[in-house]
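Chain A is the first sequence line, chain B the second, and so forth, proteins listed ahead of strands; every chain is numbered from 1.
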Amino acid sequence: MMLDGLYQEIILDHYKHPHGRGLRDPFNGEAHHVNPTCGDEITVRVSSAAGEFSDISYDGLGCSISQASASVLYELLRGRSPEDAAGIHEAFVALMQGRGQVEPDEDVLGDGIAFAGVAKFPARVKCALLPWMAFKDAAARAGIDVSSEASEVKA
Amino acid sequence: MMLDGLYQEIILDHYKHPHGRGLRDPFNGEAHHVNPTCGDEITVRVSSAAGEFSDISYDGLGCSISQASASVLYELLRGRSPEDAAGIHEAFVALMQGRGQVEPDEDVLGDGIAFAGVAKFPARVKCALLPWMAFKDAAARAGIDVSSEASEVKA
Amino acid sequence: MTFDVVRVRADFPILTREVNGHPLVYLDSANTSQKPAQVIKAMRMHNERHNGNVSRSVHTLGTEATSAYEDARGKVAAFVGASTPDEIVFTKNSTEAINLVAYSLGQHLALKPGDEIVISEMEHHSNIVPWQLLCERTGATLRWFGVTDEGRLAPDDDLINERTKIVSIVHMSNVLGTINDVSGIVARAHEVGALVLLDCSQSVPHLPVDVQALEADFIAFTGHKMLGPTGIGVLWGRYSLLAEMPPFLAGGSMIETVTMGGTTFAAPPARFEAGTPPIAEAVGLGAAVDYLTALGMEAVHQHEQDITAYALKTLTDVPGVEIFGPATPEGRGGTLSFGVDGVHPHDVGQVLDALGVEVRVGHHCAKPTCARFGVPAMTRASFYLYTTTDEIDALARGLDQVKKVFG
Amino acid sequence: MTFDVVRVRADFPILTREVNGHPLVYLDSANTSQKPAQVIKAMRMHNERHNGNVSRSVHTLGTEATSAYEDARGKVAAFVGASTPDEIVFTKNSTEAINLVAYSLGQHLALKPGDEIVISEMEHHSNIVPWQLLCERTGATLRWFGVTDEGRLAPDDDLINERTKIVSIVHMSNVLGTINDVSGIVARAHEVGALVLLDCSQSVPHLPVDVQALEADFIAFTGHKMLGPTGIGVLWGRYSLLAEMPPFLAGGSMIETVTMGGTTFAAPPARFEAGTPPIAEAVGLGAAVDYLTALGMEAVHQHEQDITAYALKTLTDVPGVEIFGPATPEGRGGTLSFGVDGVHPHDVGQVLDALGVEVRVGHHCAKPTCARFGVPAMTRASFYLYTTTDEIDALARGLDQVKKVFG
Ligand SMILES: Cc1ncc(COP(=O)(O)O)c(C=O)c1O
Ligand SMILES: Cc1ncc(COP(=O)(O)O)c(C=O)c1O
């Protein structure tokens, strides 16, 4: 596969200048996920207050795709209600698992639409999803369900 | 493979009219052998007296080749000294494992030369050797060693 | 659409071969099936164009190989009606699949003295010995269904009871041809809380098999008996059960994370696929499944029913031939074992081989079944989608020859 | 005779392929090797002409298949200098071979708390996890050699002692490329009465390996890394030891006799080959061994030494590249892992793939080795008999491109 679809300028930007990176206190739920095929790791914390994700903090080791994905996740989900977050989460997962057939909605996914090209690289889909799956788990541990049918499928 | 080499008249004769068949008392050593690939079985008993195999008796379930081979064994080894028996045993095993390349000596092997053709059927070599391996074991249990290098190889 | 056996045969390169100067009459498909050109080609193309290791590489070849391997998993899942491809574990053969269940499920259930495992007297050694060893390790007791004179499982109301933890039964016997109606056994097992493995090594290649309809918890089958290559087998298991079971073989690709101090394991199916899997073999099996699906398993089964009816009639007419197992095509498949009066199976097989007719002789890896019928060995003719009535006639002619040689 | 790499390459159909518009530069042979036409053809011919099940049939096809399978065993035995073909057990991969030893030898030695098993920090997961599980089952303790900054086993005089029962060490590391001089370890292990398994998955394909010279008790290797097919691996073991060990997988073909009440087992190697083995795969592996033998393993090794020297020099010249493992070709093979400053291996591999250069990235199924060097992942280029200096140049150009994208 050629690279243009994969390494969008937006992705490289988020990678080089990640938003919201670093683990912060206080938090209500934390999850540590590992990509067993490549060894990438991420820890995600969520804190909720007043019915929204008041902070989402993360740290990890990984490639440009997984790191940029975490940065975008931070931008998209922080300050959202669980319902909004679930919708965005679902849209992102659907995009990633669409094998390049899903048309992303910029109104929902913002910078996340830059990941559309990743869906054509099966080996990298897991990288993009790693922070999102860890986020879902962290939220669950904070007692907040952001599941949806689409995000049930295995990362 | 065509059958002519395999089912020599002599072999069919021994099969239909086995010599010395049936288990007899007294005996000094007994062995029961099984061909794991086909399930054939044989029990061989040896009795020794005055420095020779005074009787060799056997019973079993098996194909024409294994049954005829037991009959020929009885004819060839009964009444022989351990040394003579070891020589004949060795010659028979060598013939069977020769892949059809060994020229049998009628003076040593008598009716056993009819088995020369069996050596060309790898799947049947084990049938022909079954009684001979059981005999060796039975002799060993009677305290008589009929091993020789050639007969050490796995049946 | 009628089943066009001539067209099917044209797909199998080996069927043009001669054996001992006669056209090959291959009647040993229950032992291993022949492979169509489509399967052989799929494997060759994979090795010539797409070979790479799976699940480990981001590069193009690795991605192509991974897709090919996972596509094969999807095809096999669809073929047996699995809920998700993740319920399909690739093993090296049926035997490994059964051993995997015996080991991992045995450990998961923490079997102990007093527990019981139920099999039958018509099992292949691969569905006997793993359970004997499990009983030895754990102190559990092995019990089994007997077999009737007609070659059917003998009903036994008390056999499956509250002590029973695992029931493992053959779906179609590789010796008697019996297709066991397992619904009652499965229901009874589940009633007492036992889990059920079905050895489908002989059924998946020959009948439509749907795991939802069978309602078992695990099934095992093997690639080389269903037009696929050697070196690959399949375990299907309910995902929720697989997810609870500890690993069997350990090593690369089945881990989540490893330190020198300890390891956590991946989710199924990866958890049960340690090391480099049979990749090209999975591709071949996928092609085999495509081939069977295109013909339709109902049509394949119907063809074999027709051949079996013909063969039963033909062999019954040969004096001195005794058939072991069901005497009519109902509830049986195209695997026919028999004895020839006064002639040892080895000799029967040898004479038939001289005429190009390839049948299996011996205990068929099912010594207890042979023992049940009082013989150390049997001769077996087994059929598949490429078998013709002419080949049955050749078998009958061969048996006449057998009787001439040993008359 | 100089090594004619151009002629060798002509035997490998896949090497004519393009990837992303560039000629394929396959630098992932430590993961899985490519297969020459001779191997692909041998398997195809087997399936088209000689397919039958082994060790079970008296018919012609069965006899031909059995001969082909056993001939392959003989070839593999000769290739590694085994005393007899009966010392060669065919498994599905290296991983199964190691699991077999862990299981059967562990049981044979009746391991218990206080006993120790010794491995190293540079093992593949397949030579770590089976021993961790064995220790869990038996209460034995796992200990290991550390790794020096240069990527060599760290000497540790007390590690192997009278409590040690099994030592299992990699012959050539799949990450660092290190070829371990195991003679001291083997001698020490035997001195204290321990048995030694060498994981030769990376050495048998690339160096002359002679089991008599190694003096180990078992070695494991795998077909797909040595020009052979997937789906087959090899365990070599001393016959006297194999003969004492209980079976691992149980089922057809590994038995002597079976009744419902109990089973006795066949002699090795059959005892350890339950079920239908990888028959066509053995034929392919036999052809691979023929291919390697015809070239000569000394010549293959020398070619790879030359390539490795060139690659070490080339990569050392690329700014920002750090090599893990021995810095010179002495005592190392053609497997080279490295980091690119500030760029994650996934991204390195992706950019290289866009240029047709196929390298592996990740933990290489050796997380402890990566951890030892303080990284979660590495990029690895690995060479074989078909690798050229041009391909190394392509790699170096690719790394320049990597730095451009992520600069
Ligand atoms: C050193 C080493 N050991 C063991 C293995 C496992 O081999 P396989 O995956 O064929 O079982 C590999 C390769 O993956 C290896 O490089
Ligand atoms: C009923 C049955 N179960 C299990 C097996 C074992 O299959 P495999 O040898 O492929 O492991 C066979 C075939 O040999 C069989 O017929």
Which region of [X], side chain (C-beta onward) or backbone (N, CA, C, O), has a non-hydrogen atom less than 4.5 Å from a non-hydrogen atom of chain C, or is it both or neither?
X: V39(D); result: neither
X: P277(D); result: backbone
X: I279(D); result: both

Sub-4.5 Å side-chain heavy-atom contact between [X] and [Y]:
X: H125(C); Y: T263(D); value: no
X: L61(D); Y: I14(C); value: yes
X: H363(D); Y: V258(C); value: no
X: F265(C); Y: V129(D); value: yes

Look up atom [atom1] in [X] and atom [atom2] in [Y], then write down how far apart they are to the nearest 0.5 Å.
X: N51(C); Y: Y26(D); atom1: CG; atom2: OH; value: 6.0 Å
X: T91(C); Y: E96(D); atom1: OG1; atom2: CD; value: 10.0 Å
X: E256(C); Y: K367(D); atom1: CD; atom2: NZ; value: 8.0 Å
X: Q107(C); Y: R137(D); atom1: CD; atom2: CZ; value: 8.0 Å
X: E18(D); Y: T60(C); atom1: CD; atom2: OG1; value: 12.0 Å

Do any N or O atoms from the side chain of [X] and from the backbone of [Y] form a donor-acceptor pair under 3.5 angstrom?
X: N93(D); Y: T276(C); answer: yes
X: Q132(C); Y: T259(D); answer: yes
X: N31(D); Y: N53(C); answer: no
X: N47(D); Y: I40(C); answer: no

*Audit row: E64(C), R17(D), salt bridge (charged side-chain N to carboxylate O under 4.0 Å, His left out) steps and yes/no*: CA-CA 13 Å; E64(C) 288 175 4; R17(D) 202 190 131 151; 2.6 Å; yes

*Does any heavy atom of chain D fall under 4.5 Å from the side chain of T257(C), the backbone, both, or neither of them?*
both

*I255(C) versus chain D, heavy atoms under 4.5 Å apart: side chain, backbone, both or neither?*
side chain

